[in-house]
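Heads up, the thing below is written out as structure tokens.
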Amino acid sequence: MRSVPSIVHLDLDAFFAAVEQRDKPSLRGKPVIVGGVGTRGVVATASYEARVFGVRSAMRTAEARARCPHAAYLTGRFAAYRITSRAVMAVLREISPLVEPVSLDEAYVDLAGDATRDLSTAGVEELATALKERVREVTGGVTASVGAGTSKLVAKIASDLRKPDGLLVVEPGTETDLLHPMPVGRIPGVGPATAERLRRIGVHTVGELARAGEPDLVAALGQAHGHGLARLAMAEDDRAVVPLRESKSISAEDTFEHDIVDPALLAAIIDRLGTRVSERLTRERLSGRTVTVKIRLFDFTTYTRSATLAGPTDDVRVVNRLARRLLAEVDTSAGVRLLGVGVSGLADWVQEDLFGSAADVDLVDPRPRGASDVELVEAVGRPPAAREHRTAPTGPGTGDGPGDGPTSEQRVPREPEPPRWAPGQDVIHTAHGPGWVWGTGLRRVTVRFETAATGPGPVRTFATDDPDLAPYTPLTWDPGLRVSPKARPASPAR
DNA sequence: TCTGGGGTCCTAGGACCC
DNA sequence: TCTGGGGTCCTAGGACCC
């Protein structure tokens with residue numbers, strides 16, 4: 001355990017909503033809700049003005065609309081969030097190379113590497129105060145809450161306690177004084193299910209958790225969780241700040257506005273998701289061995305089916321073919337609400353580096369537990385070494401031609417076109433300049449012509465297919481809140 | 001118009017190997 | 001012939017986080 005508060009946790013306040021308020025001046029000081037705007041959407045982030053009405057993350061958007069009908073409901077602009085996040089992470093790396101991003105809006109920093117630094121409570125407070133100001137500068141006004149302490153746990157809880165726009169450095173030695181009165185749910189990793197199990201053995205606060213015997217906790221929660229929580233409750237946390245975490249899986253999923261029954265359409269969607277995942281794998285120079293399909297039925301029952309290839313791949317044909325087979329293992333006739341495709345077992349190199357053609361990796365591990373009614377192209381034993389694999393025979397169904405998929409011969413269904421305009425989206429008009437989609441109707445789209453630089457601007461309505469209106473991507477910001485001159489329309493109207 | 005999308009980690013059971 | 005135990009890999013599901 002450290003003796004100085006050298007771990008810092010930074011959390012950007014209501015991050016997505018804050019970026020929207022920065023870029024859409026008419027929304028500043030008003031309730032803003034970012035998330036899914038459809039009937040099955042949920043809230044990703046609510047601005048503090050919206051939280052007053054009880055709107056919370058993960059709440060259904062329908063409920064948020066009931067609680068706060070006058071809020072602006074926007075779909076996310078992740079490119080903008082990513083750019084802003086990158087600027088913040090760069091500021092953190094100016095302080096220390098040991099920066100561990102947790103998500104776009106959260107990171108840990110380890111200050112301990114630099115022996116010359118003043119790591120007294122006052123010294124860290126001073127550093128954190130300057131950090132908050134720097135973050136505000138480079139983000140164009142987004143505020144952060146900062147916590148610091150002798151461990152990740154304490155730093156994280158400290159930043160939570162001072163949200164929003166706050167700062168707390170926990171004096172070394174006082175950690176358990178801070179933690180013990182708190183409800184157990186404040187510990188990251190204790191969600192509703194764990195809290196309920198703890199309640200059943202009479203544990204409600206962190207203090208009670210600390211006094212509970214570890215054997216009881218292990219009995220109630222399992223080895224890893226029980227042991228881990230027993231330690232955290234006593235503020236024993238030696239988890240390191242890890243700058244570069246390698247990803248372990250890549251996935252894509254979609255929830256549909258209406259349940260889908262048509263098997264051909266489901267297969268087409270699986271292909272689209274598999275393609276998204278494969279493209280990401282290729283772009284990030286990764287490949288993986290295990291393909292997983294996730295199927296959520298109309299009633300929310302959720303199945304996953306996975307299979308492991310003999311060798312890693314990023315080949316869209318291999319991923320899609322296997323994903324379709326896995327989809328066929330589940331009875332989807334009652335209606336599917338969500339489909340997902342994921343690839344895990346990632347290797348840091350692409351399959352072509354070790355194996356020859358894509359066809360060679362189309363070998364699925366046999367599933368000796370039987371039960372699978374899909375025809376496996378070729379049953380192999382335990383994952384063979386790369387060498388053996390090279391000579392593996394190519395079976396039928398290896399190509400990408402029609403007939404490979406169970407339904408592709410019947411017809412190629414068209415997926416419903418996604419709406420062309422989404423609330424919150426950046427657009428540009430040849431006459432009026434840059435703005436954002438304020439509202440959408442069946443034939444009309446309403447645009448507010450304002451940017452962070454111009455201040456609140458007028459609203460105009462256009463036909464949805466107006467050729468003068470186009471999607472727009474402001475490529476960069478400068479810290480002075482201006483859309484840079486390099487900004488350009490993203491693409492001609494689709 | 002109940003319940004997103006991207007992840008991580010853990011558990012448990014069966015197969016299989018030594 | 002019978003009784004085993006440990007370790008690893010794989011699959012399915014669940015809890016949790018942001």
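Letters A, B, ... are given to chains in the order of the sequence lines, protein chains preceding strands, and every chain is numbered from 1.
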Answer yes when [X] and [Y] have at least one side-chain N-carboxylate O distance shorter than 4.0 Å, and no when they do not.
X: A/Arg296; Y: A/Glu253; answer: no
X: A/Glu208; Y: A/Arg211; answer: no
X: A/Asp426; Y: A/Arg77; answer: yes
X: A/Glu284; Y: A/Arg280; answer: yes
X: A/Asp110; Y: A/Arg2; answer: yes
X: A/Arg337; Y: A/Asp254; answer: no

Just checking [X]: base, sugar-phosphate only, or nothing, at a heavy-atom cut-off of under 4.0 Å?
X: A/Ser247; answer: sugar-phosphate
X: A/Arg276; answer: sugar-phosphate
X: A/Ala252; answer: sugar-phosphate
X: A/Thr194; answer: sugar-phosphate
X: A/Gly36; answer: nothing
X: A/Thr255; answer: sugar-phosphate
X: A/Arg197; answer: nothing
X: A/Lys156; answer: sugar-phosphate
X: A/Ile250; answer: sugar-phosphate
X: A/Val43; answer: nothing
X: A/Tyr303; answer: sugar-phosphate

Would one find a side-chain N or O of [X] under 4.0 angstrom from OP1 or OP2 of [N]?
X: A/Thr290; N: C/dC10; value: no
X: A/Thr304; N: C/dG13; value: yes
X: A/Arg186; N: C/dC17; value: no
X: A/Ser103; N: C/dC17; value: no
X: A/Thr61; N: B/dG4; value: no
X: A/Arg245; N: B/dG7; value: no

As a test of reading the structure: which of [options] is closest to the side chain of [X], going by heavy atoms?
X: A/Ser251; options: B/dT11, B/dG6, B/dT8; value: B/dG6
X: A/Ala307; options: B/dT3, C/dT11, B/dG5; value: C/dT11
X: A/Arg305; options: C/dA12, C/dT11, C/dC10; value: C/dA12
X: A/Ala44; options: B/dG5, B/dG4, C/dA12; value: B/dG4
X: A/Arg60; options: C/dC16, C/dT11, B/dC2; value: B/dC2

Report the distance from atom [atom1] of [X] to atom [atom2] of [N], rounded to the nearest whole Å.
X: A/Arg40; N: B/dT3; atom1: CZ; atom2: P; value: 6 Å
X: A/His225; N: C/dC16; atom1: NE2; atom2: P; value: 7 Å
X: A/Leu153; N: C/dC16; atom1: CG; atom2: C1'; value: 15 Å
X: A/Lys248; N: C/dC16; atom1: NZ; atom2: P; value: 20 Å
X: A/Glu196; N: C/dG14; atom1: CD; atom2: P; value: 17 Å
X: A/Leu309; N: C/dC10; atom1: CG; atom2: P; value: 11 Å
X: A/Leu104; N: B/dG4; atom1: CG; atom2: P; value: 20 Å
X: A/Leu244; N: B/dT8; atom1: CG; atom2: C1'; value: 17 Å

Over all heavy atoms of both residues, which pair between A/Ala44 and A/Ser57 is shortest? Give the atoms and the distance, please.
O-OG, 3.0 Å
Atom of A/Leu346, atom of A/Ser249 and distance for their closest heavy-atom approach:
CD1-N, 3.7 Å
Dot-bracket notation for DNA chain C, counting Watson-Crick and G-U pairs under 3.5 Å, with | for partners on another strand:
....||||||||||||||
Start with the C-alpha gap between A/Val343 and A/Leu281, add the side-chain angles, then the distance that decides, and say whether side-chain contact (heavy atoms from CB on, under 4.5 Å) holds.
CA-CA 9 Å; A/Val343 173; A/Leu281 286 169; 4.0 Å; yes
Once side-chain hydrogen bond (donor to acceptor under 3.5 Å, both in side chains) is applied, what residue pairs with a partner in residues 215-232 of chain A remain, sequence neighbours excluded?
A/Glu214-A/His227, A/Arg231-A/Glu236
Assign each of A/Arg280 and A/Gly41 to its nearest nucleotide of DNA chain B by heavy atoms, then name whichever residue's nucleotide is nearer the 5' end.
A/Gly41
Between A/Phe256 and A/Gly222, name the one whose nearest nucleotide on DNA chain B is closer to the 5' end.
A/Phe256
What are the residues of residues 331-346 of chain A, sorted by number, that bring a heavy atom to within less than 4.0 Å of DNA chain C?
none
What's the base orientation of C/dC2: syn (chi within 90° of 0) or anti?
anti
Taking the six-membered ring for Trp and the full ring for Phe, Tyr or His, determine whether the centres of A/His258 and A/Phe298 are under 6.0 Å apart.
no
Can you name the one residue among A/Leu326, A/Val341, A/Leu338, A/Leu339 that meets side chain to side chain contact (heavy atoms under 4.5 Å, CB included) with A/Lys294?
A/Leu338
Can you check the distance between C/dG14 and B/dG4, where both ends of the measurement are the P atom (answer in whole Å)?
16 Å
